[in-house]
Amino acid sequence: MDISSILQGGYHHPLSRQWQSKRQLTKSMLMYPIFITDDPDASQLIATLPGQRRWGVNKIEEFLGPLVKKGLQSVILFGVPMKCNKDHRGSPADDETGPVILAIKKIRSLFPDLYVACDVCLCEYTDHGHCGYLHPDGTINTEPSVARIAEVALNYAKAGAHCVAPSDMMDGRIKSIKRALIDNGYGNKCTLMSYSAKFASSLYGPFRDAAGSAPSFGNRKCYQLPPAGRGLARRAIQRDVVEGADIIMVKPAMPYLDIIGDAAQLAPDHPLACYQVSGEFAMVHAGAAAGVYPLRDMAFESVDGMLRAGATLILTYFTPDFLDWLDN
Ligand code: PBG
Ligand code: ZN
């Protein structure tokens, strides 16, 4: 055989196989999405998200303590209001006595080294379940939506969030949040992570069960991106860079590795996050339960794809598992 035909000599050993990757998963790349609800003592399993729970503020120490010991370095909070009064403007989002603000303060005091990011959106808190304000005809009313989202983001920053991450997909919200942070003295104290290329995906189902954020009518296709819309995703990424995003995110991850690759090329000087969303997590679990593959192998394979595409930060419900798996 010709000399140049032989590749196997280069990867016959487990160590030389590791050298084939440009980057490998480390604990610092993992951001764990967690659900905080307004019953302070809650610990409710979420049926469609294997092993994940809605936690009350009083349970945060027993929930996160062991993970922090294993090397958990960052979380992203999602509020799950059960008892509050939802309205057209999503008032409970930044209620001082609501689960998100209370949880930020609690986590900051319990775990001073843990990085706390907050998802910013209105859909968990609006009576109609959409991510912004609506016109009477049901379409998005952009200007007041963006102003309200910036207000919520600022209030999370004031409560102590290290990072705010708007997932609403309203046009112009990055600029407006950045302005609000700067004008109020948080420009150098709070990171702005944009869900820049967030697609209208079928993979958010378990999350919407978990968070009670399914829209009461219609869908999100007029603000989240069409799955085939690569050009739109590229434009959204470039726009959010210009508007002041500190981190760019692509979401979901697995079916959108080309978009992660595009983002790595369009925003080469930014950290690049991707979100392995609820439906991806459920899908990987379902395949393992069906005997298609061992869970651990597929979980690593899924993340290897994201790293190869260029992600430097991964939001995943597998975080607690990876903390164990990376140790042995
Ligand atoms: C809310 C939001 C969603 C997710 C994160 N923030 C759902 C949606 O847009 O309907 C999805 C996360 C997941 O599926 O894990 N805007
Ligand atoms: Zn939303």
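Note: hydrogens, waters and symmetry copies are ignored here, and every other heavy atom, side chains too, is used. Counting starts at 1 for both ligands and their atoms, in listed order.
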| message | Taking the ring of Phe217 and the ring of His128, is the distance between their centroids below 6.0 Å? | response | no
| message | Checking a contact table here: which protein heavy atom is nearest atom 10 (O) of ligand 1, and how many Å away? | response | Arg208 NE, 2.6 Å
| With a 4.0 Å cut-off on heavy atoms, is Asp168 touching ligand 1? | no
| note | If we number the atoms of ligand 1 from 1 as shown, the ones under 4.0 Å from a heavy atom of Asp119 are 6 (N)
| CE/Met254 to CE/Met306 distance, rounded to the nearest 0.5 angstrom? | 6.0 Å
| atom 11 (C) of ligand 1: the protein heavy-atom neighbour that sits closest, reported with distance to 0.1 Å | Lys251 NZ, 3.0 Å
| Spacing of NE2 belonging to His162 relative to NZ belonging to Lys189, to within rounding of 0.5 Å | 12.0 Å
| said: Give me the residue, atom name and distance of the protein heavy atom closest to atom 12 (C) of ligand 1. | reply: Phe207 CD1, 3.4 Å
| said: Regarding Arg148 and Asp94, does a basic nitrogen lie under 4.0 Å from an acidic carboxylate oxygen? | reply: yes
| said: With a 4.0 Å cut-off on heavy atoms, is Cys123 in contact with ligand 1? | reply: yes
| request: Using a strict cut-off of less than 4.0 Å between a Lys/Arg side-chain nitrogen and an Asp/Glu carboxylate oxygen, indicate whether Glu96 and Lys158 qualify as a salt bridge. | output: no
| task | Give the atoms of ligand 1, by number and element, whose distance to some non-hydrogen atom of Lys198 is under 4.0 Å. | result | 1 (C), 2 (C), 3 (C), 6 (N), 8 (C), 9 (O), 16 (N)
| query | Numbering the atoms of ligand 1 from 1, which are under 4.0 Å from a heavy atom of Phe78? | reply | 5 (C), 6 (N)
| said: Considering both backbone and side-chain atoms of Ser278, is one of its nitrogen or oxygen atoms within less than 3.5 Å of a nitrogen or oxygen in ligand 1? | reply: yes
| message | For Tyr317, state whether at least one heavy atom is located under 4.0 Å from any atom of ligand 1. | response | yes
| request: Could you tell me if any non-hydrogen atom of Glu280 lies under 4.0 Å from any atom of ligand 1? | output: no
| query | What about Phe207 and Phe78, are their ring centers closer than 6.0 Å? | reply | yes
| query | Can a non-hydrogen atom of Glu124 be found less than 4.0 Å from any atom of ligand 1? | reply | no
| said: For ligand 1, which is the ligand I care about here, please tell me if Ser167 has any N or O atom under 3.5 Å from one of the ligand's N or O atoms. | reply: yes
| query | Of all the heavy atoms in Gln224, does at least one lie under 4.0 Å from an atom in ligand 1? | reply | yes
| task | Going by the side-chain contact (heavy atoms from CB on, under 4.5 Å) test, name the single residue among Thr316, Asp304, Leu30 that passes it with Leu25. | result | Leu30
| remark: Rounding to 0.5 Å, atoms CE (Met169) and NZ (Lys251) come to a distance of 9.5 Å
| query | Using 30° and 60° as the class limits, which term best fits the ring planes of Phe300 and Trp325: parallel, tilted or perpendicular? | reply | tilted
| Is there a heavy atom in Gln276 that sits closer than 4.0 Å to ligand 1? | no
| query | Same cluster or not: are Ile60 and Met82 linked, directly or through other Ile, Leu, Val, Met, Phe, Trp or Tyr residues, by side-chain heavy atoms under 4.5 angstrom apart? | reply | yes
| field | Where ligand 1 meets Arg220 - atom numbers and elements under 4.0 angstrom, heavy-atom basis | value | 8 (C), 9 (O), 10 (O)
| request: List every atom of ligand 1 that sits less than 4.0 Å from any heavy atom of Cys121, numbering the atoms from 1 in the order shown and giving each element. | output: 16 (N)
| task | Determine, for Lys59 against Asp41, whether the closest basic-nitrogen to carboxylate-oxygen distance falls under 4.0 angstrom. | result | no
| query | Any N/O/S of Cys121 under 2.8 Å from the Zn ion (ligand 2)? | reply | yes
